[in-house]
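All remarks here apply to the structure that follows.
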2 protein chains.
Amino acid sequence: MSGSSMGRRPTMRDVARAAGVSQSLVSIVFRGAPGAGAQTRDRVLAAARELGYVRDESARSLRASQSTSIGVCFQTRQPFHHVLLDGMYAHTAGTNHPLVLSAVSDARDEATAIRGLLAYRCGALVLLGPRGDEQSLLAMAGDTPVVVVGRRVDDRSIDWVTSDDGLGMDQAVTHLRTLGHRRVLYLSCSRAAGGPDRLQAFHDAAAANGISRSVTVADGEMTEQRGARAAERLLAGSILPTAVIAFNDRVALGLMEVLIRRGVAVPKDISVVGFDDSEIAQRDPVLMTSVHQDAESLARIAVERASQRIHPSSPPTDPHGTLVPTHLVVRSTTGEAPRR
Amino acid sequence: MSGSSMGRRPTMRDVARAAGVSQSLVSIVFRGAPGAGAQTRDRVLAAARELGYVRDESARSLRASQSTSIGVCFQTRQPFHHVLLDGMYAHTAGTNHPLVLSAVSDARDEATAIRGLLAYRCGALVLLGPRGDEQSLLAMAGDTPVVVVGRRVDDRSIDWVTSDDGLGMDQAVTHLRTLGHRRVLYLSCSRAAGGPDRLQAFHDAAAANGISRSVTVADGEMTEQRGARAAERLLAGSILPTAVIAFNDRVALGLMEVLIRRGVAVPKDISVVGFDDSEIAQRDPVLMTSVHQDAESLARIAVERASQRIHPSSPPTDPHGTLVPTHLVVRSTTGEAPRR
DNA sequence: CTGAAAGCGCTTACAG
DNA sequence: CTGAAAGCGCTTACAG
C-alpha cells in the first residue's frame with residue numbers, strides 16, 4: 001500500500017488530489033450517486049486503490065441524513081445464528097447496507113448488545129432470536145426500526161420473519177403418523193425465541209393427525225445436554241414413545257448419542273426428527289430426518305425488510321410479518337413404528 | 001423512554017440541558033475524564049438515563065485523537081471463535097474499548113472483513129485464526145496494529161497469542177504412551193490457522209516419547225465430516241492404530257460417531273483424544289479426553305495486547321507473542337492400549 | 001466547573 | 001463536472 005507513506009490514513013481529499021478531481025466528486029463516486037462519468041469514475045477508483053483508501057464509515061454515518069447500516073444482534077452460542085449471518089452478509093454485499101454486529105453472550109445481555117448497535121447509528125436493527133418481550137425490545141430500540149428473526153411479534157411497529165413452524169411441525173408429525181407412530185414425544189424449549197410458537201404448532205399438528213391423546217411433551221434447554229438427559233429419562237421410564245421430535249437438531253443429536261450408546265436402535269426402536277436441518281443433521285453418519293429451515297430466505301427477507309424501513313419508498317408492508325415455508329428432509333433416523 | 005418525545009435521538013446537548021450543565025461537562029462524565037464532581041456526575045448520568053441517551057460512537061471515534069475501539073475478525077462457522085468472542089466481551093465490558101465485529105464467511109473473505117473494520121476506525125485489530133499470510137495481513141491492516149489469535153507470527157510488528165501446542169501435544173502423546181499406545185494416528189489440518197504448528201508439535205511429541213516410527217498422519221479439513229471419513233478409512237485398512245489424536249474436538253466427534261456405530265469400542269478398541277476441550281468434548285455421553293485450550297486467557301491477552309498498542313505507555317512488549325499453557329482433560333475416551 | 005470554538009471526514013445542496 | 005460551504009455529534013484545549 002503506497003498509502004502508508006503518508007503517515008496517516010488517506011481521506012477523500014487525498015484521493016481527490018491524486019485523481020485530479022474535487023473531493024465532492026470522490027464522494028459522488030463512492031456513494032454511487034449520479035454525476036460522474038465512467039472514465040472519471042475509474043480514475044477515482046484507481047487512485048483510491050493505489051492509496052489504500054477505505055471510506056470512513058464513522059464520518060459517513062455521522063453526516064448522512066439517513067443512516068443506511070443494518071445492526072445485527074446475534075447470540076454467540078447459536079450455530080443457526082451464524083448461518084443467518086452468512087446469509088445476511090451475502091445479501092448485503094455490494095449494497096449500501098454495511099452490517100454492524102453485536103453479540104449476546106453470558107457476559108453481555110440483550111439490552112447492552114442493542115445499545116451497542118444504536119451507538120453506531122444503525123438505520124435499522126435485525127434481532128436474531130431475541131429473548132426480550134415486545135415492549136422492552138421497542139423501548140430498547142427507541143426510534144430505530146426493528147426486524148425480528150425467529151419468532152412472531154404482535155406489535156405492528158416491529159417487522160418479523162420466521163419459519164412456518166405450523167407447517168414444519170405438521171410435516172414432521174404427518175411423516176411420523178404415516179409411518180404408524182402414535183406415541184410421539186416433543187422435546188420443547190419454551191425459553192427460546194419461537195419456543196412457544198413451536199410448541200403450539202406441535203399440539204395443532206397432533207390434533208390434525210388425530211393423535212393428541214397419545215403425544216407427550218417435555219420442556220428444557222436447547223442443547224445436546226438436554227437431549228441426552230431426555231434420553232436417560234426415557235430409558236428409565238416404563239413406556240417408551242415410538243418417536244421423538246426435538247426442538248432443534250442439537251437436542252436431537254444429544255438424544256441419539258445416548259440412545260445409540262445404550263443399544264437402542266434408531267430408527268428401528270425409536271424414530272427421531274430434528275429441527276433446523278443444520279450441518280449437524282446433514283452429516284454422515286448422523287443423517288437425521290429434520291425440518292429444514294430456509295436460512296437463506298430468512299436472511300434475505302430480514303435484509304429486505306430492514307432496507308425497506310431505511311428507505312421508506314412505500315408505506316410499511318402489510319402484513320408486517322412473513323412465514324417462510326419449511327420442508328421435511330427425510331434421512332435415516334425415521335422409520336416404521338415398532339409394534340410394542 | 002421519554003427521549004422518544006423529541007422526535008430525534010438525544011445528543012450530549014440535550015443531556016446537558018436536562019442536567020443543567022455544559023455540554024463539555026457531559027462529555028467529561030461519559031469519558032470518565034477528571035473534572036466532574038461526584039454529585040454532578042450522578043445528575044448527568046440520571047438525565048442521560050431519563051432521556052435514553054446513547055453516546056454516538058461514530059462521532060466519538062471520528063473526533064477522538066486516538067481511536068480506542070478494537071476490531072475483531074472472526075469466522076462464522078468456527079465455534080471456538082465464538083467462545084473467544086465471549087471472552088473478549090467479558091474483558092472489554094466497562095472499558096473504553098468497544099468491540100467492532102466483522103465476520104469471515106463463504107460470502108465474505110478476510111480482506112473484505114478487515115476493510116470493514118478499518119472503515120470504523122478501529123484502534124487495533126484482533127484477528128481470530130486468520131488464514132492470510134503475514135505480509136498480506138500487514139498490507140490489509142495498513143497502519144493499524146494487529147493481534148493474531150490462534151497461530152504464531154514471525155513479523156515482529158504483529159502481536160500474537162496462541163495455545164502452547166507443543167505442550168498440549170506432548171500432554172496428549174505422553175498420556176497415550178503411558179497407557180501403552182505406540183501406533184498413534186494424528187488427524188492434521190494443515191489449512192487451518194495453527195495447523196502447521198500443531199503438526200510439528202505432534203512430530204516433536206512423538207519423537208520425545210520414542211514412538212516416531214510407529215505414528216502416522218492424515219491431513220484434511222477441520223470438520224466432523226472429515227473425522228467420519230477418517231474412521232471409514234481406518235476401518236477399511238488392515239492395521240488399526242490404537243489411538244487417534246484429532247486436530248480438534250469436531251474431527252474427533254465425527255470419528256467417534258462412526259466408530260461407535262460400527263461397533264468399535266472407545267476406548268477399549270481405540271482411544272481418541274480431541275483438541276480444544278470445547279462443549280462438544282465436555283458433554284455427557286461424549287466425555288472426550290481433550291487438550292484444553294484456555295480460551296479465557298487467550299481472549300484476555302488478546303484484549304490486553306490490543307489495548308497496549310492503542311495506548312502505548314511503554315515500548316511494544318518483548319517478546320511480541322504469548323504461548324498460553326494447555327492442560328489435558330482426561331475423560332472416558334482414552335484407556336489402555338489393546339494388545340493386537 | 002462554564003462557554004465558545006475548532007475540527008475529525010464525510011454528505012449534501014448550491015452557484016458556477 | 002468544480003469549489004466553497006455548512007454541519008452531523010462528538011473531543012479537546014482554552015480562557016474565565
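Every chain is numbered from 1, with letters handed out A, B, ... down the list of sequences. Just the heavy atoms: all of them, side chains too, but no hydrogens, waters or symmetry mates, feed the values below.
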side-chain hydrogen bond (donor to acceptor under 3.5 Å, both in side chains) against [X], all qualifying residues, sequence neighbours excluded:
X	value
A/His91	A/Glu296
B/Asn96	none
B/Glu57	B/Arg60
A/Ser22	none

Pairing residues for [X] by the salt bridge (charged side-chain N to carboxylate O under 4.0 Å, His left out) criterion, not counting sequence neighbours:
X	value
B/Glu304	B/Arg300
B/Arg17	B/Asp14
B/Arg115	none
B/Arg309	B/Asp159

Handout entry: Interface with DNA chain C, restricted to residues 112-123 of chain B and to heavy atoms under 4.0 Å
Key = B/Arg121
Exercise for the section: Mind jotting down which residue pairs meet the ring pair (Phe, Tyr, Trp, His ring centres under 6.0 Å) criterion with at least one end in residues 128-148 of chain B? Sequence neighbours excluded, please. Expected result: none
Exercise for the section: Could you run through nucleotides 11-16 of chain C and give me one letter per nucleotide, 5' to 3': B if any protein heavy atom sits under 4.0 Å from the base, S if only the sugar-phosphate is that close, - if neither? Expected result: BB----
Practice task
Write out the stems for DNA chain C, ordered by first number and formatted as range with range, counting runs of at least 3 consecutive Watson-Crick or G-U wobble pairs under 3.5 Å.
Solution key: C:1-3 with D:14-16, C:5-12 with D:5-12, C:14-16 with D:1-3
